[in-house]
Amino acid sequence: MLRIYTDQLLKKQVAKIVKTDRNELWSALHDIGGYFALIGAIPESMSIWEFAYSGIVPLPDEEDRTISVFGDGAISAVRNAMRMPDLSYGIPKPSFCEPKQPLGNRINAAYLEVWDRITSNKWSAEALKDPKPELQPTMMFQLARFIAKRSMEEDSGDEALALEILKMLLDGKDFEFQLKGKTYRKTKFDLAHYDKAEAYLLVIEILNSLGRLSEAKPYLESWFDQVVKSYLSLEVGFGLVGVTKLICEGTLAHKSQMKEKTRNSLVKEIISTLKKRLNKPEPVKPTPTKYKLSISYNQFYLEPLEANREVIYFQENGEHEQGFSWFPEHVAIGTPSEAAQCTIEWELKEKMPPLGKAVQAVVVPYEVEKPGGVFLRTVDDSGKKQRFDVPVGKYDLLARFYPHPLKEFEDTCLTAWKVKLTFLPAGSADSKCIKLVYGKPPEKLVFNSLKKSPK
């Protein structure tokens, strides 16, 4: 998901690439190439990405969304900005683009995806009427979004007004202004970290549309700093042509202290090491019992290989409050809020284990109807790489969450968790929400049924 921000993180990725699962190598190379592109080292970036598409490295499964919904977006964006021919041909496919689209079509689709993100209305009309003081910056950001969207889609000529509001919001000072008889006032409160990252992108896009992209360089640096501080993905930025152009010009080159000679040596080392490895048979490894998972929308899933497409999690009232969303052979486990990463491990037990220091725990029925195990998935990944070798049978599934502080999140509002999934014989425990990090467990549980209900 393009989360290599520093020379140190790059070197860590390079050091562990020799042990990286063969099916994860494309993703690792994608991220390394992305970092080189970010710091303006385009030749090194291209060498890595061209090797990733050389036919030696296994390409991701069609349904693998682990590198994010942007698929090959960063690669396509840089190739387009440098006026190079297509390399990836839309593989892996972005979620917002039809397969086998030409490079130009993919660039346009990525732009529309990011444009919608940074200008969409995230507030209800009711919330905009009289927001609390702490929500005033968010309301003004929404106002700037609305003006920018209308101006650039309807050619109303109000980009400068949106730009002025955004600049006032981002300079950190208190201010007050009037627009159409209404007073807008920002005092001690600030934008949320993710809103601030999107606000910087919107400033850059407006300046690009006004032909003033050179003025956007300080905002690109601030966007990068905000992304690092909040542990966000860099890929959203590559969806905007102006942002990619500035990146490829080397605007962020000073973020790296790595010399060109060192970069070249690293690239040669990566390619040479992987060529040797991939030309040998891969040793057979046991199915893992533990995976590290990037979390989106505070949830992850346990599903059969062929998931039922009618299953849509967390749509019923009460499901979020109980910490799970259940369907036959499918279950979504809700994580504590602001979860960015979970290390998830499974086990078989005959008896209910103690909760210990678990801060959240639920018990739900779960059935494995066919051989082949259970697949661990997320909103962004419907693939089949992360498999638990759970035998066919009926179970009571206990999910326990334990705090797992990580240094990479310590200066952010994001959290990481260790999750223990215990498969007990059916009838060992009643279905219930035992404990939640926030809030009181509900007395009544909600189950969804497509063909049967839990007994």
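Just so you know, these numbers use all the heavy atoms, side chains as well, and skip hydrogens, waters and symmetry mates.
Taking the charged nitrogens against the carboxylate oxygens, Glu347 and Arg400 do have a contact shorter than 4.0 Å, which makes a salt bridge. Using a 4.0 Å cut-off between charged nitrogen and carboxylate oxygen, Arg79 and Glu50 count as a salt-bridge pair. With respect to Lys245 and Glu249, a salt bridge is recorded, a charged nitrogen being found less than 4.0 Å from a carboxylate O. Using a 4.0 Å cut-off between charged nitrogen and carboxylate oxygen, Lys370 and Glu306 do not count as a salt-bridge pair. For Asp86 and Arg106, the salt-bridge test passes: some basic side-chain N is under 4.0 Å from an acidic carboxylate O.
Here Gln101 contributes atom CD and Ile107 contributes atom CD1; the two are 12.5 Å apart, rounded to the nearest 0.5 Å. Rounded to the nearest 0.5 angstrom, Leu376 CG and Glu345 CD are separated by 12.0 Å. The distance from atom CZ of Arg377 to atom CD of Glu303, rounded to the nearest 0.5 Å, is 5.0 Å. The line from CD1 of Ile165 to CD1 of Ile147 is 4.0 Å long, rounded to the nearest 0.5 Å. Rounded to the nearest 0.5 Å, atoms CG (Leu202) and CD (Glu159) are 10.5 Å apart. Atom CG of Leu163 sits about 8.5 Å away from atom OG of Ser209, to the nearest 0.5 Å.
Under 3.5 Å, the side chains of Asp116 and Ser120 contain no donor-acceptor pair of N or O atoms. Judged by distance alone, the side chains of Ser337 and Asn298 never bring a donor and an acceptor atom under 3.5 Å apart. No hydrogens or angles considered: a donor-acceptor pair under 3.5 Å links the side chains of His254 and Glu221. Side chains of Asn448 and Glu319: a donor-acceptor N/O pair is present below 3.5 angstrom, by distance only.
The shortest non-hydrogen separation linking Val362 to Gln322 is CG1-O, 3.5 Å. Closest non-hydrogen pair, Pro365 versus Phe447, comes out as CD-CE2, 3.9 Å. The two atoms that bring Val267 and Ser47 nearest to each other are CG1-CB, 3.8 Å, heavy atoms only. The minimum heavy-atom distance between Ala41 and Arg263, with the atom names listed, is CB-NE, 3.3 Å. Scanning all heavy atoms of the two residues, the minimum distance from Leu252 to Ile247 falls at CD1-CG1, 4.3 Å. Pairing each heavy atom of Ile48 with each of Gly33, the nearest pair is CG2-N, 3.8 Å.
Under a 3.5 Å cut-off, the side chain of Ser325 and the backbone N or O of Ala332 do not form any donor-acceptor pair. Side-chain N or O atoms of His30 include none that pairs as donor or acceptor with a backbone N or O of Ala28 at under 3.5 Å. Remark: side-chain polar atoms of Thr415 are paired, donor with acceptor, to backbone N or O of Glu338 under 3.5 angstrom. For Thr244 (side chain) and Phe238 (main-chain N/O), a donor-acceptor pair under 3.5 Å exists by modelled atom type. The backbone N or O of Met258 lies less than 3.5 Å from a partner atom in the side chain of Ser256, making a donor-acceptor pair. Here the side chain of Tyr53 pairs no donor or acceptor atom with the backbone of Tyr89 at under 3.5 angstrom. In this structure a side-chain-to-backbone donor-acceptor pair under 3.5 Å is present from Ser54 to Phe51.
Contact check for Lys196 versus Tyr194: no side-chain heavy atoms found under the 4.5 Å cut-off. Side chains of Asn308 and Phe327 form no contact here, defined as non-hydrogen atoms less than 4.5 Å apart. By the 4.5 Å heavy-atom criterion applied to side chains, Asp7 and Tyr35 are counted as neighbours. Contact annotation: the side chain of Val359 never approaches that of Lys435 to less than 4.5 Å [non-hydrogen atoms, C-beta and beyond]. With contacts defined as side-chain heavy-atom distances shorter than 4.5 Å, the pair Asp72/Trp49 does not qualify. Between Val390 and Leu302 there is no side-chain heavy-atom pair separated by less than 4.5 Å. Contact annotation: the side chain of Phe146 never approaches that of Asp158 to less than 4.5 Å [non-hydrogen atoms, C-beta and beyond]. In this structure, Arg22 and Leu278 have side chains that are in contact, with non-hydrogen atoms separated by less than 4.5 Å.
With sequence neighbours left out, Tyr301 forms a ring-ring contact (aromatic ring centres under 6.0 Å, His included) with Tyr313. Legend: residues meeting ring-ring contact (aromatic ring centres under 6.0 Å, His included) with His193, ordered by chain and number and at least two apart, are absent.
Residue Phe388 forms a ring-ring contact (aromatic ring centres under 6.0 Å, His included) with just one option from Tyr395, Phe375, Tyr291, and that option is Tyr291. Exactly one residue among Arg277, Lys276, Glu269 makes a side chain to side chain contact (heavy atoms under 4.5 Å, CB included) with Thr273. That residue is Glu269.
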**Message:** Checking Asp31 against Arg3 for the side-chain contact (heavy atoms from CB on, under 4.5 Å) test, could you report, in this order, the C-alpha distance in whole Å, the side-chain angles of both residues, the deciding distance, and whether it holds?
**Reply:** CA-CA 7 Å; Asp31 292 356; Arg3 281 182 174 157; over 6 Å; no
**Request:** Apply side-chain contact (heavy atoms from CB on, under 4.5 Å) to the pair Leu207 and Leu213, showing each step before the final yes or no.
**Result:** CA-CA 5 Å; Leu207 287 171; Leu213 188 59; 5.5 Å; no
**Derivation of the side-chain contact (heavy atoms from CB on, under 4.5 Å) call for Leu10 and Leu266** = CA-CA 10 Å; Leu10 173 70; Leu266 273 178; 4.1 Å; yes
**Prompt:** Between Phe70 and Val236, is a side-chain contact (heavy atoms from CB on, under 4.5 Å) present by the stated rule, with each step listed?
**Reply:** CA-CA 8 Å; Phe70 281 87; Val236 176; 4.0 Å; yes
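In this structure, Glu153 places its CD atom where more than 12 heavy-atom neighbours from other residues, nucleotides or ligands lie under 6.0 Å away. The number of heavy-atom neighbours closer than 6.0 Å to NZ of Lys255, taken from other residues, nucleotides and ligands shown, is above 12. Applying the 6.0 Å contact sphere to CZ of Phe314 captures more than 12 heavy atoms from other residues, nucleotides or ligands.
Ring geometry for Tyr366 against Phe423 counts as perpendicular: the plane angle is over 60°, on a 0 to 90° scale with 30° as the lower cut. A perpendicular orientation is assigned to the rings of Phe401 and Trp417, their planes being inclined by more than 60° (bins at 30° and 60°).
For Phe224 and Tyr200, the distance between ring centers is not under 6.0 angstrom.
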